[in-house]
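Source: prediction; values computed, not measured. Scope of the values below: all heavy atoms of this structure, side chains included, with no hydrogens, waters or symmetry mates. Residue numbering restarts at 1 for every chain, and letters A, B, ... go by the order of the sequence lines.
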Number of protein chains: 2
Amino acid sequence: MEPLLTLERYLPYRLSLLSNKISETVAKTYKDKFAISITEWRIMAVLGEYPGISADEVSLKTHIEKSLISRAISKLLKRKLLCRNISEDDKRRSELVLSNTGYEVYEEIVPLSLEYERKFLASLSQQEQEVLSSLIDRLSQHAESISL
Amino acid sequence: MEPLLTLERYLPYRLSLLSNKISETVAKTYKDKFAISITEWRIMAVLGEYPGISADEVSLKTHIEKSLISRAISKLLKRKLLCRNISEDDKRRSELVLSNTGYEVYEEIVPLSLEYERKFLASLSQQEQEVLSSLIDRLSQHAESISL
DNA sequence: CTAAAATAGTTGCTATTGCAACTAATGTCA
DNA sequence: TGACATTAGTTGCAATAGCAACTATTTTAG
């Protein structure tokens with residue numbers, strides 16, 4: 001009856017704790033300051049980068065399931081943080097952009113986000129940060145190939 | 001209206017994607033092969049390591065909220081994967097252990113888990129794996145200090 | 001010794017999740 | 001052209017999450 005696994009040292013578990021801790025901290029700030037969820041923020045973030053894309057493209061870029069995207073977009077539309085057009089050439093598709101208000105909020109949240117990233121990485125040297133970044137890229141790419 | 005943030009390159013986001021991808025893959029296997037959720041598995045894993053601890057200690061060790069722990073334990077008790085005693089010296093506390101069946105399942109899942117860990121890390125050299133492990137430790141420790 | 005505070009665990013309630021079914025529009029191919 | 005498949009987006013529903021309130025004990029202080 002020896003323990004066969006040390007959960008505390010199990011890498012997927014540790015990665016999950018770290019990621020959740022960071023996400024929760026950031027989420028709390030977005031929620032407290034802007035009443036916006038992480039899902040909503042990710043939608044706004046990709047629309048800041050790719051104005052005019054469809055809900056489906058938002059789903060692909062954020063890796064968020066399309067029903068969540070649909071509901072989050074409704075909410076953001078109600079709050080007038082987004083604008084939606086129906087595409088001329090394909091009436092199923094929407095064309096989404098940040099509204100003026102939405103862009104103002106975006107401009108406020110972005111520096112906050114970057115500051116969080118900086119803070120979380122602050123215990124690592126510049127070089128270590130680059131190593132980490134590259135390791136994550138490689139692991140992500142590899143993980144894709146495993147979980148087909 | 002320039003994009004101010006590249007979500008794809010935002011580290012907390014990338015970390016979250018990686019962690020979710022791994023967790024989902026592992027979770028699917030546990031669910032398909034053993035009809036066990038990640039929460040249930042984490043409970044079993046800490047009980048394999050620390051037989052006889054209380055629900056509260058399980059909650060602390062897994063970082064899972066105590067109502068989730070309570071409900072998951074009920075389920076595991078119904079399936080006879082755990083045994084529960086009321087502590088003699090403190091009648092509020094439970095003393096939880098894996099049942100014989102529970103331990104058998106544990107013994108089956110552990111090698112599977114370790115194999116997943118190995119597979120996900122397989123694209124890194126031994127040395128890189130150690131670097132990653134140490135970076136995660138340092139980031140986790142630092143993240144704790146930030147989000148007080 | 002006793003009243004108040006703290007702790008272990010359970011349960012109620014609401015919000016979020018995510019799959020699947022559905023509608024509407026477009027694409028494919030005989 | 002016209003049936004069939006595919007795609008974009010929405011909605012229904014069941015499962016899960018997590019906060020807060022509650023019960024039952026135990027601990028602490030006066």
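- An OP1 or OP2 oxygen of D:dG9 is reached within less than 4.0 angstrom by a side-chain nitrogen or oxygen of A:Ser94.
- We find that CD1 of B:Ile64 is positioned 13 Å from P of D:dT16, with the value rounded to whole Å.
- Closest approach to the A:Glu65 side chain among D:dT16, C:dG18, D:dT26 is made by C:dG18 (side chain taken as heavy atoms from C-beta onward).
- Per the geometry, CD1 belonging to B:Ile73 stands 15 Å off C1' belonging to C:dT11, to the nearest Å.
- Whole-Å rounding puts the B:Ile38 CD1 to D:dA17 C1' distance at 15 Å.
- The side chain of A:Lys66 sits closest to D:dA8 out of D:dG18, D:dA8, C:dA8.
- Listed pair B:Ser74 / C:dT10 fails the phosphate criterion, with no side-chain N or O lying under 4.0 Å from OP1 or OP2.
- A:Asp56 and A:Arg93 are not joined by a salt bridge, as no carboxylate oxygen comes within less than 4.0 angstrom of a charged side-chain nitrogen.
- Salt-bridge formation is detected for the pair A:Glu144/B:Lys21: a Lys NZ or Arg NE/NH1/NH2 atom is positioned less than 4.0 Å from an Asp or Glu carboxylate oxygen.
- Between the side chain of B:Arg71 and the base of D:dG18 there is at least one donor-acceptor pair of N/O atoms closer than 3.5 Å.
- The aromatic rings of B:Tyr106 and B:Tyr103 are tilted relative to each other, their planes meeting at an angle between 30° and 60°.
- Residue A:Ser67 is the one, among A:Ser67 and A:Glu88, whose nearest nucleotide of DNA chain C lies closer to the 5' end (criterion: closest heavy atom).
- Side-chain N/O atoms of B:Arg84 include one lying less than 4.0 angstrom from OP1 or OP2 on C:dT10.
- Side-chain contact, B:Glu65 with B:Ser67: a donor N or O sits under 3.5 Å from an acceptor N or O.
- Between B:Arg138 and A:Glu128 a salt bridge is recorded (basic side-chain N to carboxylate O distance below 4.0 Å).
- Going from atom CG of B:Leu68 over to atom P of C:dT17 covers 14 Å, rounded to whole Å.
- We find that CD1 of A:Ile86 is positioned 8 Å from P of D:dT10, with the value rounded to whole Å.
- In this structure, the CD1 atom of A:Ile53 is 14 Å from the C1' atom of D:dA8, given to the nearest Å.
- When each of C:dA8, C:dA25, D:dG9 is scored by its nearest atom to the side-chain atoms of A:Arg93, the top-ranked nucleotide is D:dG9.
- Nearest nucleotide to the side chain of B:Asp90, out of C:dT16, C:dG9, D:dT26: D:dT26.
- If you measure from atom CD of B:Glu40 to atom C1' of D:dA15, you get 12 Å, rounded to the nearest angstrom.
- Going from atom CD1 of B:Ile36 over to atom C1' of D:dT16 covers 17 Å, rounded to whole Å.
- Not a single donor-acceptor contact under 3.5 angstrom links the side-chain atoms of A:Arg92 to the base of C:dT26.
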